[in-house]
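Residue indices begin at 1 and follow the sequence shown. Every number for a ligand or one of its atoms is a count from 1 in the order of the listing. Scope of the values below: all heavy atoms of this structure, side chains included, with no hydrogens, waters or symmetry mates.
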Amino acid sequence: MFQKSRSRSRQAPLALCLSLCLFGAIGAAQAALVNVRVSFSNVAPANGIAFAPLHVGFGQGLFDAFNVGTAATAPIISVAEGGTGADWQPAFMAAEPLATRGTVGAGGPVLAGVTRTLDLVVDTAVNRFFTFASMLIPSNDHFIGNDSPTEYQVFDAAGQLLIAQISQAADEIWDAGSEATDPAAAAFVGNNDLRTPQNGVVSFNFSELGANNGLATGAGYVFNNNISADTEIFRIGFQVLNSNVPEPASAALVVLALGALGATRRQARRA
Ligand SMILES: [Ca+2]
Ligand SMILES: [Ca+2]
């Protein structure tokens with residue numbers, strides 16, 4: 001009887017320690033999870049430029065897809081020439097395995113006047129910086145995106161929203177410098193499988209888009225870019241839907257911790 005009683009008295013502190021340790025782990029795992037709605041709005045003039053789906057990611061600011069004045073590499077070429085981001089997304093994942101990534105408007109072209117959205121759960125204790133890229137259509141290799149991966153810090157470490165909207169004008173459109181401008185080989189108005197190498201570097205350039213004026217697009221309208229340097233062309237918005245979203249792993253830890261705490265109380269009552 002004496003032996004059993006001593007045994008219980010040792011188990012109770014152990015179980016209490018286990019439950020406290022598990023609650024500590026939950027605090028670390030929950031961090032600052034935020035459910036954020038990313039909206040992508042094409043605000044360019046009607047019958048003007050459209051966008052391929054917008055590739056996005058929240059990360060630590062380590063994935064740098066391109067540099068102005070430098071030859072474009074596969075990740076940004078896969079956005080700028082084809083719109084698919086087939087190399088952009090894997091390159092982002094390789095650079096930042098913990099990043100939250102996605103595609104806004106995956107269903108098709110984002111035409112003038114259209115807004116598409118995507119909801120993501122972001123751990124803002126880790127992933128506070130936003131990176132994006134999309135092809136302009138019609139074009140051969142024109143795109144939008146952020147050169148610096150730390151240009152847009154959308155959240156602070158506690159999950160507070162620091163930037164509600166990104167807005168850019170035509171003079172912030174990039175030419176990847178990888179494919180020469182040729183309407184016959186341009187996506188949305190020509191045969192996108194054709195290409196003539198440009199062998200250039202990434203630079204700001206929106207004036208070449210006018211080469212496609214008067215051509216019928218894949219969406220049925222006749223293209224007229226109708227933009228000048230300060231014409232706003234798109235907005236990316238961030239709306240916090242709710243914060244502190246439980247992770248599946250954290251939910252499992254809660255069950256474990258509550259179970260351990262219950263065992264502690266039962267043992268305390270028996271003792
Ligand atoms: Ca860069
Ligand atoms: Ca080009």
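Among the atoms of Gln198, an N, O or S atom falls under 3.0 Å of the Ca ion (ligand 2). Taking backbone and side-chain atoms together, Asn67 has an N/O/S atom less than 3.0 Å away from the Ca ion (ligand 1). Here Glu179 meets the criterion, with an N, O or S atom under 3.0 Å of the Ca ion (ligand 2). The Ca ion (ligand 1) has no N, O or S atom of Val68 inside 3.0 Å of it.
Nearest N, O or S atom of Asp64 to the Ca ion (ligand 1): atom OD1.
Residues Leu209 and Leu54 share a single hydrophobic cluster, defined by chaining ILVMFWY side chains whose heavy atoms lie under 4.5 Å apart.
Side-chain polar atoms of Gln239 and Ser39 form no donor-acceptor pair below 3.5 angstrom.
When rounded to 10 degrees, the angle formed at the Ca ion (ligand 2) by OD1 (Asp175) and OD1 (Asp141) equals 80°.
A ring-centre distance under 6.0 Å is not found for Phe155 and Phe238.
Using modelled atom types, no side-chain atom of Arg195 and backbone atom of Asn192 make a donor-acceptor pair closer than 3.5 Å.
Side-chain contact check for Ile144 versus Leu136: some heavy-atom pair is nearer than 4.5 Å.
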